[in-house]
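Just so we're on the same page: letters track the sequence lines, and every chain starts at 1. Quick note: numbers below take in every heavy atom, side chains included, and nothing from hydrogens, waters or symmetry partners.
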Protein chains: 4
Amino acid sequence: MAPKRVDRSARREEILSAAVRVFARQGFAATRIEDVAAEAGIAKGSVYLSFSSRDDLLAAAFARLADRSAGVLGHTTAEGVPAVERLTRLVRSAVAMLADEPELTRVMVDLWAAGRHRGDAAPLDMATVYREYRGAVAGLLREAAGEGDLRPGIGEPEATVVVGAIEGCLVQWLMDPAVPLAGLADTVVGVCLSGLRSDGAASPPCPLPAAPVPVTDTGNGPGAGRTQGPSGA
Amino acid sequence: MAPKRVDRSARREEILSAAVRVFARQGFAATRIEDVAAEAGIAKGSVYLSFSSRDDLLAAAFARLADRSAGVLGHTTAEGVPAVERLTRLVRSAVAMLADEPELTRVMVDLWAAGRHRGDAAPLDMATVYREYRGAVAGLLREAAGEGDLRPGIGEPEATVVVGAIEGCLVQWLMDPAVPLAGLADTVVGVCLSGLRSDGAASPPCPLPAAPVPVTDTGNGPGAGRTQGPSGA
Amino acid sequence: MAPKRVDRSARREEILSAAVRVFARQGFAATRIEDVAAEAGIAKGSVYLSFSSRDDLLAAAFARLADRSAGVLGHTTAEGVPAVERLTRLVRSAVAMLADEPELTRVMVDLWAAGRHRGDAAPLDMATVYREYRGAVAGLLREAAGEGDLRPGIGEPEATVVVGAIEGCLVQWLMDPAVPLAGLADTVVGVCLSGLRSDGAASPPCPLPAAPVPVTDTGNGPGAGRTQGPSGA
Amino acid sequence: MAPKRVDRSARREEILSAAVRVFARQGFAATRIEDVAAEAGIAKGSVYLSFSSRDDLLAAAFARLADRSAGVLGHTTAEGVPAVERLTRLVRSAVAMLADEPELTRVMVDLWAAGRHRGDAAPLDMATVYREYRGAVAGLLREAAGEGDLRPGIGEPEATVVVGAIEGCLVQWLMDPAVPLAGLADTVVGVCLSGLRSDGAASPPCPLPAAPVPVTDTGNGPGAGRTQGPSGA
DNA sequence: AATGAATGAGTTTTCATTCAT
DNA sequence: CATGAATGAAAACTCATTCAT
């Protein structure tokens with residue numbers, strides 16, 4: 001009845017987009033294949049022409065998210081741009097990406113929830129996605145430290161916090177649309193880079209006898225000359 | 001046959017704990033009432049003596065999480081303690097709370113995912129929980145600013161970032177147990193208060209000799225012991 | 001709604017019997033689980049309390065048939081009965097068994113059809129059932145030959161014919177209820193034992209130059225003394 | 001794209017042969033139109049250009065089998081040949097026919113199973129086929145009795161046994177390819193004509209120098225070469 | 001109170017058949 | 001004629017919930 005479809009992968013994309021919209025609206029668990037088909041304007045059975053199963057659809061949604069994430073990480077390699085600037089761009093584009101496709105954000109949380117419970121392997125390997133995410137940010141932070149813009153001793157833990165701040169803000173926005181997403185990227189950057197302390201007041205309120213916090217040196221004087229070359233060791 | 005139950009609410013708690021364990025293991029979507037019953041060591045039908053429905057079980061898990069969160073927010077009202085320190089305690093106890101009940105933390109993501117899609121009643125009002133969470137943190141930040149420890153002009157957006165950093169770190173730990181949860185609380189505080197710039201003091205938070213919440217070691221497998229020193233580029 | 005069932009395996013038997021009735025009426029392929037449930041007077045889902053899947057039901061039907069067959073084979077071991085007599089009983093009871101449960105006969109054909117197409121193994125191993133069937137008959141034939149009632153040189157091929165005659169008659173009765181099943185057992189025995197030739201006329205119409213038929217000796221004289229002892233070697 | 005089909009009925013035959021091959025391999029119940037199309041090397045929809053439905057395909061397979069059977073029955077009318085010999089030829093050609101088209105034989109069982117359950121039209125009237133089959137054999141038996149080769153009083157029941165022996169042997173061969181089909185025709189004739197008693201002549205059928213049907217060797221794997229000599233009890 | 005058999009609505013998935021190209 | 005995407009009516013199977021015991 002419906003006219004014959006020309007492009008197989010175009011149809012696949014259409015269905016996937018429809019699926020993501022429905023996932024965002026109802027969540028994975030509450031989404032039936034029929035809902036996806038209805039959203040795509042096709043018959044239930046037709047979904048199976050493009051996806052072999054419901055799980056296949058989930059995996060594709062994951063892949064799409066991973067793909068978008070990879071796009072964001074592209075900002076880490078811009079040439080001739082200070083690492084701090086690249087980090088700012090990265091944060092901004094991460095937020096912008098998801099703000100552009102709010103559905104993906106909603107799906108993201110579902111993926112977090114679904115990412116567990118399948119020890120198998122490939123399809124929903126959120127751990128790897130975030131590992132790479134953190135790795136990229138950590139690399140940027142170390143570069144920036146090398147360039148003198150950030151203090152030395154920065155590594156994975158700090159990257160975890162930066163990545164966490166981004167994702168955590170997105171989650172809050174998701175839970176509560178009243179949270180202003182616009183501007184949050186800059187706030188994240190501002191807070192993470194400059195902290196919240198009174199300006200210039202580098203006064204640690206107290207020493208650190210046995211704190212588990214991994215900080216090697218305290219107050220290492222201001223401005224350590226800005227090296228701009230490629231992530232010099 | 002089984003001896004009569006002593007306490008109704010004790011039984012309810014037992015079942016809820018069993019449910020949370022199973023939710024954490026399999027996710028809410030994949031958890032059947034029978035799984036919960038088996039975990040609790042009772043018969044399927046008996047679950048309904050304590051909970052009116054499957055969703056009621058999820059709502060109860062939410063309530064437990066909300067309860068724990070309320071406990072964490074108690075730190076904001078300590079008398080005679082600088083706001084900055086109260087904030088530090090808040091962050092630490094938030095992380096410690098979830099590290100203490102990893103199952104509940106895992107369920108948290110399911111709750112995020114389930115929190116939407118039920119406009120009718122509001123058994124899972126995650127928005128309100130996080131609104132209060134942010135409000136408390138924002139209040140603390142403003143107090144600290146008033147005490148001169150933080151720069152002025154700090155408000156909700158910054159609170160969103162702080163809260164986001166906490167939750168975002170937890171999510172990463174959930175996705176990937178190799179992420180070292182221990183120490184992340186202090187890293188969050190350190191990053192958020194002092195920032196990462198080279199001109200900011202990498203001040204660790206004050207050690208808390210009598211921390212109100214026992215920061216149990218989460219023993220997150222390998223990688224838990226982090227490399228200090230500048231992890232050279 | 002329905003009263004609680006006391007005996008698990010009794011219920012299983014009930015369902016299996018209902019299933020066999022429906023299989024007989026409609027055939028495997030055309031039988032839906034719901035049909036079986038309706039025949040058993042229970043709800044669709046209740047079938048799954050006793051059988052894990054539709055295939056499990058098929059396997060059980062097969063097992064029941066195999067069980068009945070085993071019962072028939074019991075006649076081969078009667079003590080103090082000439083092998084020829086035991087053979088007669090075997091044939092009669094094989095026919096009687098299926099005439100008693102016409103449903104099973106119909107199912108049998110479905111099993112023949114289903115027995116193929118699953119190289120796997122166990123559940124529908126019709127080959128083994130018939131191998132044993134033939135083996136038992138062949139043993140009986142050899143015994144009878146040893147007792148002097150049948151001519152020597154009789155073996156598996158003849159057993160195949162005897163078994164085939166039984167099954168083939170049943171199939172014809174199945175295809176066409178007008179075929180008189182009663183009496184067929186004796187006809188089978190009569191034909192197979194005495195042949196159809198003119199009485200006593202042992203006149204072979206022609207010699208056997210290179211016929212592939214495995215006959216070692218021709219016309220070995222009449223009556224070789226009847227040994228009645230237990231299957232003497 | 002493909003060159004225009006020369007002959008409608010040739011195409012129909014091609015598809016039917018493909019269908020029979022697939023039916024034999026998977027059974028009718030498990031065979032999808034697409035499987036048949038694939039086996040025939042055409043597109044799914046094209047099957048419908050030659051057959052009106054899936055059932056039509058089965059009916060056509062039945063028709064082919066009925067056609068082959070009719071061919072076999074042709075042996076009953078040979079002029080100037082003793083009825084006993086015509087019977088022998090009939091049995092031999094029945095077996096040879098099916099051995100020649102093993103796929104069709106395998107489908108036969110499916111047809112037995114499917115022959116029931118469709119009272120409406122009568123596309124699969126197995127009853128009639130076997131009725132005619134029996135009738136022809138019975139006629140032959142009576143003729144042979146008239147010619148003095150068989151004892152008098154022989155009729156339908158005996159014909160049922162003879163036909164049954166043939167079909168029953170074929171079924172056993174289908175269930176278990178180790179059953180030696182070659183030679184079974186002669187064993188059937190031998191057993192049915194002379195019986196197995198020691199006072200019966202174990203007369204093999206007359207060798208047929210110019211057998212009308214080429215008894216191709218079915219080469220049924222191991223066990224095909226049977227052990228002659230009395231396999232002692 | 002506790003149990004677990006029974007229920008049946010709800011979902012996924014398959015596949016015969018149609019028909020626009 | 002040939003094709004294969006599209007359709008939607010089945011059918012298997014699941015599982016929350018009920019309720020007789």
Side-chain angles (χ1 to χ4, degrees), chain A residues 1-8 11 29-37 40-57, chain B residues 1-6 8 11 30-38 41-57, chain C residues 1-8 11 29-37 40-57, chain D residues 1-6 8 11 30-38 41-57:
Chain A
M1 287 185 176
K4 183 169 284 189
R5 192 67 203 185
V6 214
D7 191 344
R8 296 276 291 276
R11 168 48 61 101
T31 297
R32 289 164 302 129
I33 289 288
E34 185 145 29
D35 298 328
V36 173
I42 61 178
K44 192 174 21 163
S46 302
V47 172
Y48 288 87
L49 296 174
S50 299
F51 296 90
S52 64
S53 72
R54 191 173 175 276
D55 272 4
D56 193 22
L57 209 44
Chain B
M1 288 181 179
K4 198 159 176 175
R5 213 60 228 350
V6 242
R8 291 282 296 279
R11 163 57 59 106
T31 298
R32 293 166 302 141
I33 288 289
E34 188 149 22
D35 297 329
V36 173
I42 60 177
K44 190 170 28 164
S46 302
V47 172
Y48 286 86
L49 297 174
S50 299
F51 295 88
S52 67
S53 74
R54 185 171 176 270
D55 273 4
D56 192 23
L57 220 34
Chain C
M1 286 187 177
K4 182 169 287 190
R5 193 68 201 181
V6 214
D7 192 344
R8 296 276 292 276
R11 170 48 60 100
T31 298
R32 290 163 301 128
I33 288 290
E34 185 145 28
D35 297 329
V36 173
I42 60 177
K44 188 175 25 161
S46 301
V47 173
Y48 288 89
L49 295 175
S50 298
F51 296 90
S52 66
S53 73
R54 190 173 176 275
D55 271 3
D56 192 21
L57 210 44
Chain D
M1 288 183 180
K4 198 158 176 175
R5 215 53 226 357
V6 243
R8 290 283 296 278
R11 162 58 58 107
T31 298
R32 292 165 303 140
I33 289 288
E34 186 149 23
D35 297 329
V36 174
I42 61 177
K44 191 172 27 164
S46 302
V47 172
Y48 286 86
L49 297 173
S50 299
F51 296 88
S52 65
S53 73
R54 185 171 175 272
D55 272 3
D56 193 23
L57 219 34

Distance below 4.0 Å between D/Ser46 side-chain N/O and F/dT3 OP1 or OP2: yes
Rounded distance [0.5 Å steps], OH in A/Tyr48 versus CD1 in A/Ile33: 4.0 Å
Expected output: side-chain C/Arg54 to main-chain C/Thr31 donor-acceptor under 3.5 Å: yes
d(CZ, C/Arg54; P, F/dT14) in whole Å: 15 Å
d(CZ, C/Arg8; P, E/dG4) in whole Å: 10 Å
Of B/Val47 and A/Thr31, the one whose closest DNA chain E nucleotide lies more 5': B/Val47
d(CZ, B/Arg32; C1', F/dC13) in whole Å: 12 Å
Sugar-phosphate only, base, or nothing, as touched by D/Ser50 at under 4.0 Å among non-hydrogen atoms: nothing
Value in whole Å for how far the C1' atom of E/dA5 lies from CG of C/Asp7: 13 Å
Atom pair CZ/CG of A/Arg8 and A/Leu49 - distance to nearest 0.5 Å: 8.0 Å
D/Asp56 CG to E/dA16 P, straight-line distance once rounded to whole Å: 14 Å
Atom-to-atom span, OH of D/Tyr48 to P of F/dG4 - whole angstrom: 15 Å
For E/dG10, the Watson-Crick or wobble counterpart (both distances under 3.5 Å): F/dC13
Residue met sooner reading DNA chain F from 5', once B/Glu34 and A/Lys44 are mapped to nucleotides: A/Lys44
Nucleotide E/dT21, atom P - distance to CG of D/Leu49 in whole Å: 18 Å
Pairing partner of E/dC19 (Watson-Crick or G-U wobble, both distances under 3.5 Å): F/dG4
CG-NZ distance between A/Asp35 and A/Lys44, expressed to the nearest 0.5 angstrom: 11.0 Å
Nearest heavy-atom neighbours spanning C/Ser46 and C/Ile42: CB-CD1, 3.8 Å
Sugar-phosphate only, base, or nothing, as touched by B/Ser52 at under 4.0 Å among non-hydrogen atoms: nothing
Sugar-phosphate only, base, or nothing, as touched by C/Ile33 at under 4.0 Å among non-hydrogen atoms: sugar-phosphate
Nucleotide F/dA12, atom P - distance to CG of C/Leu57 in whole Å: 11 Å
Watson-Crick or G-U wobble mate for E/dA1, both contacts under 3.5 Å: none
